[in-house]
Structure formats: C-alpha cells, structure tokens
Amino acid sequence: LGPTVCVGEILVEIVATTVGNGFLEAQPLVGPFASGAPAIFISQCGRLGGQAAMVGAVGDDDFGRVNTDRLKRDGVDISAISIDPDYPTGSAFVRYRKDGSRDFVYNIATSAAARFGWSRGVADLIDRTGHLHVMGSALSVPSARAVIDKAVDIVKARGGTLSVDPNLRKELKLDEETDRRFAKLVAAADLLLPSGEELERAAGVEGEAKAIRRLFEMGVTEIVLKRGAGGATYFASGGDRIDAPAFVVQEVDPTGAGDCFGGAYLTCRRLGMSPKQALTYASAAGARNVTVLGPMEGAGTRPELDAFVASTERRP
Ligand code: ATP
C-alpha cells in the first residue's frame, strides 16, 4: 500500500493556561509541546499503527528535538524531516478567549518550517507513498507549496490517493495565489476533511447540500464534515450519509481535535475498516485529544481509543 505521508509545518506550541482576552495581557504559559497541524495528524496515524511518515523541517535545537523524538516514539518515519542548521524550529502561541475562540501567533516565516525543499530523502519517500495528506495551512508557506505540488503530481500519477484538510486559520495569509492553489488541491483530493464553513469555501458555493454535490462533481469521493462537539458527518459520492455523534467529554484544550480526528479516520480506512467504524475511532480520537492540554498530547493508540469508546457516552 505504501505509507501515509504528510507534508507541512512542524512547530512547538506554547499555550496559555488561563482564559483571557488575547495577547495584550500577560498570562501563564505552558509548553513547548510538539505541534503543527500536519505533525499532529501524522502522530495520530503512527499511534494507531498505520505506516506513517512526515516531510518537513525543524531547526538544530531542543524545540526541533521535542518534535522528532515525539514523532519517532509514535512510530512515524522521520527520515524526510530535515534539520536546518541555520534557522530555528517554528513556534506558535495559543490563547483561549471567554467566548471559546482562539488566537494564534505563528513564528513560521523565518523558521526551518518555511525553508525545506525537495531532496533525495523526500524523493525516495514520495516514490513509495500510498497516500498523501495535505493541510491547507501548509499552502501559506512557499517552500511547502513547491514540495506539495510535486508530491501531489507524483503520488496521484502512480495511483496513490490524496486527502485534504482545509485548516484555514484566520491568521494565515489567504491571498489569490493561495486560493488558486487551494482550489487545485481540492480538485485533486479523494477525501476531504473540512470543518464548519471550510466546506463551502472548498466547494466555492453556499449551502451544505450544494457544496457536497459540487465537491463530488469535482472528483472528491468521500467527505467527512467535522462539527466540533456537534459530532461529524460522512458523505460518500455514491449517496451514503452517516452521522457520527460526538462523545461527551470535558474540554480542556480544543487544539488538535480535527487533526487527530482526520489522522484516525484516514488510518482506520487504510487499515480496511468501514466508514462507520473509522468514524467511531475518529470521533474518539478527536474527543480524547480535547481532554488533554497540548495539541497532540491526547492522541490515542488503538487500545487507548478502544478503552475510551467503551467507557464514554455519546451525545444523543
Ligand atoms: P482543530 O482545528 O482545533 O484541530 P477542527 O475544527 O478541524 O479542529 P473539530 O470539529 O473541532 O475539528 O473536531 C473534530 C472532531 O473531534 C469533531 O467532529 C468531534 O468528533 C471531535 N470533537 C472535537 N471537539 C469535541 C468536544 N468538545 N467534545 C466531543 N468531541 C469533540
């Protein structure tokens, strides 16, 4: 089958431990935690026992080692993660507001995460990749764009598959060029994992039903719409629909839920599970992750997710 490969930003995340009003006031912080949406996704794939590998870059520093050590422990092949001798590992600061929204400050543009390119190691990995996963957030990083373009062409030409999570954060630059690339990526995707309004954005039309129809016309075959504590819905181009209720949990840190959900869904499907079974593991992975502080600290192994499913109620 070939491994699942994710290309994109690897960061450390430093999180405020109290709820406040944004970055203008001092708050206690905790971290560094291994992070970056693509890294969280691939960590969950590795933890579930899927063949997983990551393409990206870290600096030659402790923040980089927090990430590479963590991914290696999760069973992720890190041979295509380059260590940049000149630039530091990227970082992100996160704060939660009283209304439940989040603010991010990203230090990516001048970090190793924005400087990796096509290399022998990347080429070797992409040549045996069975499935490629791309986050829309990676498109705001020029170096990642170039690697993604080439990787998508190679993997799709060889009969491999592509999943896309739009992951459109308000802090990321969404210029015309990024929009154009995003549309191209969606058109090449087999599986789309949007949340909220990203569905309509990806389809370029308003209304859930219309957007789903449009995306199937474009060639997408499976869509899983993430709705936070409202659960998730699976749509197949053949007409099937499955609603997956969310598990009832005490939310501690919502960051990373969608990435763990996506990594678990994809891995379960690639391991041969039905959409329904994959949705159960994905919902468990997303819900379990929000109960733990740190973006990927709650990503679960199969026994951990089995225990979570057996002991946790679902919303009616
Ligand atoms: P993020 O960008 O923070 O990673 P996202 O917007 O991509 O998240 P969400 O819809 O927030 O994705 O979460 C993905 C899935 O995880 C949901 O569909 C749901 O199954 C589960 N989940 C997320 N938050 C909760 C919660 N508070 N309670 C229960 N399940 C949750």
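Looking at every heavy atom in both residues, Met135 comes nearest to Ala37 through CE-O, 3.6 Å. Across all non-hydrogen atoms, the minimal contact from Ala144 to Ala138 is CB-O, 3.5 Å. Here the shortest heavy-atom pairing between Pro3 and Leu125 reads CG-CD1, 4.3 Å. When every heavy atom of Ala287 is checked against every heavy atom of Val249, the shortest pair comes out as O-CG2, 3.8 Å. Considering all non-hydrogen atoms of both residues, Ile223 and Pro194 come closest at CG2-CD, 4.0 Å. Closest heavy-atom contact between Val58 and Gly64: CB-CA, 3.6 Å.
Taking the charged nitrogens against the carboxylate oxygens, Arg201 and Asp179 do have a contact shorter than 4.0 Å, which makes a salt bridge. We find that Glu13 and Arg70 are not joined by a salt bridge, their nearest charged nitrogen and carboxylate oxygen being 4.0 Å or further apart. A salt bridge links Arg128 with Asp77: at least one charged nitrogen is closer than 4.0 Å to a carboxylate oxygen.
A heavy-atom distance below 4.5 Å is found between the side chains of Leu71 and Ser43. Counting heavy atoms from C-beta on, the side chains of Asn21 and Gln27 never come closer than 4.5 Å. Considering only heavy atoms from C-beta on, Ser35 comes within 4.5 Å of Ile40 through its side chain. Inter-residue side-chain proximity for Asp240 and Pro275 is flagged as unmet; no heavy-atom pair is nearer than 4.5 Å. Contact check for Ile148 versus Arg145: no side-chain heavy atoms found under the 4.5 Å cut-off.
Crowding of Leu1 atom CG: a count of heavy atoms from other residues, nucleotides or ligands under 6.0 Å not exceeding 12. The local environment of CZ in Arg120 is sparse, with at most 12 non-hydrogen atoms from other residues, nucleotides or ligands closer than 6.0 Å. Heavy-atom contacts from other residues, nucleotides or ligands closer than 6.0 Å to CD of Glu313 number 12 or fewer. Counting non-hydrogen atoms of neighbouring residues, nucleotides and ligands closer than 6.0 angstrom, the CD atom of Glu197 reaches no more than 12 such neighbours.
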Under the salt bridge (Lys or Arg N to Asp or Glu O under 4.0 Å) criterion, do Glu206 and Arg214 qualify, and how do the steps go?
-> CA-CA 10 Å; Glu206 283 180 23; Arg214 176 81 194 96; over 6 Å; no
Start with the C-alpha gap between Lys156 and Leu162, add the side-chain angles, then the distance that decides, and say whether side-chain contact (heavy atoms from CB on, under 4.5 Å) holds.
-> CA-CA 7 Å; Lys156 292 288 291 190; Leu162 173 71; 4.1 Å; yes
Take Asp62 and Arg65 through the salt bridge (Lys or Arg N to Asp or Glu O under 4.0 Å) test and state the conclusion after the steps.
-> CA-CA 5 Å; Asp62 286 346; Arg65 282 183 281 280; 3.1 Å; yes
Thr4 vs Thr267, side-chain contact (heavy atoms from CB on, under 4.5 Å): CA-CA, chis, key distance, verdict | CA-CA 8 Å; Thr4 295; Thr267 302; 5.6 Å; no
Please walk me through it: do Arg213 and Glu217 pass salt bridge (Lys or Arg N to Asp or Glu O under 4.0 Å)?
-> CA-CA 6 Å; Arg213 253 198 324 273; Glu217 284 162 12; 5.2 Å; no
List the steps and the verdict of side-chain contact (heavy atoms from CB on, under 4.5 Å) for Glu208 and Thr233.
-> CA-CA 11 Å; Glu208 189 174 303; Thr233 308; 5.7 Å; no
side-chain contact (heavy atoms from CB on, under 4.5 Å) between Glu198 and Asp165, worked out = CA-CA 9 Å; Glu198 290 170 351; Asp165 180 336; 4.0 Å; yes
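None of Asp103, Thr255, Thr18 except one satisfies the side chain to side chain contact (heavy atoms under 4.5 Å, CB included) rule with Tyr96; the exception is Thr255. Screening His133, Met54, Arg47 for a side chain to side chain contact (heavy atoms under 4.5 Å, CB included) involving Ile42 leaves a single residue, Met54.
With hydrogens and angles ignored, the 3.5 Å screen pairs no side-chain donor or acceptor of Asp84 with any backbone N or O of Ala57. A donor-acceptor pair is defined here as one N or O able to donate and one able to accept, closer than 3.5 Å; no such pair exists between the side chain of Ser195 and the backbone of Lys226. Side-chain atoms of Asn289 come within 3.5 Å of backbone atoms of Gly298 as a donor-acceptor pair (strictly under, hydrogens ignored). Checked by atom type and distance alone, the side chain of Asp253 pairs as donor or acceptor with a backbone atom of Gly294 at under 3.5 Å. Under the 3.5 Å distance criterion, the side-chain polar atoms of Asn167 are left unmatched by any main-chain donor or acceptor of Gly136. One N or O on the side chain of Gln44 and one on the backbone of Gly300 form a donor-acceptor pair closer than 3.5 Å. With hydrogens and angles disregarded, no donor-acceptor distance shorter than 3.5 Å links the side chain of Lys98 to the backbone of Val19.
Aromatic ring centres of Phe308 and Phe247: separated by under 6.0 Å.
Distance check: Ser274 OG to Tyr234 OH gives 9.0 Å after rounding to the nearest 0.5 Å. In this structure, the separation between CG on Leu132 and CD1 on Ile154 is 10.0 Å, given to the nearest 0.5 Å.
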Tell me which donor-acceptor pairs under 3.5 Å the side chains of residues 276-283 have, and how far apart each pair is, sequence neighbours excluded?
| from | atom 1 | to | atom 2 | distance (Å) |
| --- | --- | --- | --- | --- |
| Thr280 | OG1 | Lys276 | O | 3.2 |
| Thr280 | OG1 | Arg314 | NH2 | 3.2 |
| Tyr281 | OH | Arg302 | NE | 3.0 |
| Tyr281 | OH | Asp306 | OD1 | 2.5 |
| Ser283 | OG | Leu279 | O | 2.7 |

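Each of Phe116 and Tyr87 belongs to its own hydrophobic cluster when Ile, Leu, Val, Met, Phe, Trp and Tyr are linked at side-chain heavy-atom distances under 4.5 angstrom.
Side-chain contact, Ser91 with Asn107: a donor N or O sits under 3.5 Å from an acceptor N or O.
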